[in-house]
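Below: one structure, written as structure tokens.
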Amino acid sequence: MTKSSYRVTSDGIDTEALLSEVGNAAAGATTLFVGTTRNENEGRIVERLEYEVYESMALEEMRRIGEEIARRWRVIAVSMVHRVGVVPIGQASVAVAISAAHREEAFAACRYGIDTLKATVPIWKKEFYRGGEHWVGPCHAHGATV
Amino acid sequence: MTKSSYRVTSDGIDTEALLSEVGNAAAGATTLFVGTTRNENEGRIVERLEYEVYESMALEEMRRIGEEIARRWRVIAVSMVHRVGVVPIGQASVAVAISAAHREEAFAACRYGIDTLKATVPIWKKEFYRGGEHWVGPCHAHGATV
Amino acid sequence: MRIRVLFFAYLRERCGVREADVELPEGASVDELWSRLVTRFPALPAAPPRFAVNRVYVDKGHPLHDNDEFALIPPVSGGTQ
Amino acid sequence: MRIRVLFFAYLRERCGVREADVELPEGASVDELWSRLVTRFPALPAAPPRFAVNRVYVDKGHPLHDNDEFALIPPVSGGTQ
């Protein structure tokens, strides 16, 4: 039985709360990944970042990722949170926390969680930089520069 | 140039402080590993845990691990802390935090950090359980049951 | 049957809509809906994005049902590197 | 020359000391020091632990120098799983 929590929020991400959420007396190993907005991407100075979300599907997709994690590894708890709206540079936009009895599982599950989240959860990032804006995605041809 | 911090402490581990220590505007990815004392080990109910440290060497060894991490991966900051003395069940005994531009490096460096720390940093754990005590190590023949 | 179509991110901006209702004959598939959308919204790219029906990714052969929630999912970029 | 020897964890408990000074002839190696220690502390195990000189792991052939800090390092277990 894996404990889980999935959230989309327009507030700052509280990593301490996330860590205590996955805390458990049987958990020997906790891993946390935090993705932070950077001031630079592909040589452009990013001034502002905004995330758009398809919220109902994003939450369902996170839950599917959590269920897949629970199937593949012996984890105790999974928490995922993604911030949306304007995220100031240097602040966390996404975090995944995992607790498990052992670190092997905790690392593998956390890595799978963030990789899959970034590949499948319907959240889009728009970068605003000097002289333009740009929807970020694997296919950069889709970006629009103004 | 990698920013680094290595500590041995008899106080509780402040993971929030560790995360802000490795924070940096160029860091897109932060990983944190927290090792927590468990209430059970190999079927024994652990009541208390005590860590002994060869402190001067432990700090030097952590620094060597941090330097090796900086040689092998493009990381921005490395922080490691180990708690010693009595650590109550369910509390953190060790933590490693890494920040990097990208998550590939952040995960690899964090995993290497905790694995190497556990293999080489001279810190010893003694478990006290009902009816005995036991120095924990790869070679369990070295444990003494009283 | 009526399908509710959702647009996000750059597709929302290019098409200038957040959502639209599309009438389709019973038994139509995602593929047929996409053809209909390309005609109605010429700003849509030639290469289709990913599709979701009722918040689950589907492929283009997926059959649609009345009141389905259909979403065009441009390349996602949750979080940062 | 004089070497300062440090004992930790189960070796400290078995031998009943935290540290000891050992006099050795100039040029002696870690191996020779270990033999000396085994004689002086019969509670030491037959299989040697790891050794550190001046806070760096060394192998048994490592040459010692006056005032070196020598440590017997039992299997470490930093942190938890």
Side-chain angles (χ1 to χ4, degrees), chain B residues 8 13 33-38 41-42 46 49-65 80-84 87 89-96 113-127 133-144 146, chain D residues 2-22 29-30 33-35 37-38 40-81:
Chain B
V8 169
I13 293 178
F33 174 85
V34 183
T36 304
T37 58
R38 297 170 64 203
N41 187 24
E42 296 176 358
V46 178
L49 278 160
E50 219 174 300
Y51 290 89
E52 177 169 335
V53 60
Y54 177 10
E55 183 162 339
S56 56
M57 181 172 168
L59 292 170
E60 285 189 28
E61 195 60 31
M62 285 185 191
R63 182 175 50 71
R64 284 189 281 268
I65 295 168
M80 297 184 189
V81 58
H82 207 300
R83 185 169 176 179
V84 295
V87 179
I89 298 297
Q91 293 199 12
S93 58
V94 61
V96 175
I114 183 63
D115 285 357
T116 312
L117 185 156
K118 287 175 64 65
T120 72
V121 174
I123 293 177
W124 300 272
K125 175 165 65 170
K126 193 174 196 175
E127 290 177 353
E133 59 185 62
H134 175 83
W135 284 101
V136 180
C139 180
H140 284 272
H142 286 167
V146 294
Chain D
R2 173 178 299 186
I3 308 295
R4 186 174 168 224
V5 180
L6 305 180
F7 298 73
F8 294 99
Y10 93 98
L11 294 179
R12 174 179 54 71
E13 290 185 350
R14 281 175 68 153
C15 297
V17 290
R18 287 189 181 274
E19 52 182 275
D21 283 340
V22 176
S29 69
V30 162
L33 174 51
W34 172 248
S35 304
L37 288 169
V38 168
R40 184 159 151 198
F41 300 97
L44 284 174
R50 293 171 83 181
F51 305 122
V53 171
N54 301 330
R55 297 162 300 285
V56 176
Y57 286 110
V58 297
D59 62 29
K60 64 182 184 172
H62 187 87
L64 293 164
H65 299 95
D66 195 26
N67 289 318
D68 273 353
E69 179 177 295
F70 175 84
L72 301 172
I73 311 282
V76 303
S77 66
T80 49
Q81 279 308 307

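The structure displayed is predicted, hence computed values, not measured ones. Below, chain A is the first sequence line, B the second, and so on; all start at residue 1.
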Handout entry: Structural part of B:Arg64 lying under 4.5 Å from a heavy atom of chain D
Key = side chain
Problem - Within the 6.0 Å centroid threshold, strictly below: D:Phe51 and D:His62 - result: no
Handout entry: Portion of D:Leu11 that has a non-hydrogen atom of chain B nearer than 4.5 angstrom
Key = neither
Exercise for the section: Measure B:Glu50 against the heavy atoms of chain D and call it side chain, backbone, both or neither at under 4.5 Å. Expected result: neither
Problem - When D:Glu69, D:Arg55, D:Arg12 are compared by non-hydrogen pairs under 4.5 Å with chain B, the top option - result: D:Arg55
Practice task
May I ask you to say whether B:Glu52 pairs ionically with B:Lys126, meaning some side-chain N is under 4.0 Å from a carboxylate O?
Solution key: no
Exercise for the section: Identify the heavy atoms of D:Phe8 and B:Val53 that sit nearest to each other, and give their distance. Expected result: CE2-O, 3.9 Å
Exercise for the section: Nearest 0.5 Å please: distance from the CD1 atom of B:Ile65 over to the OG1 atom of B:Thr120. Expected result: 4.0 Å
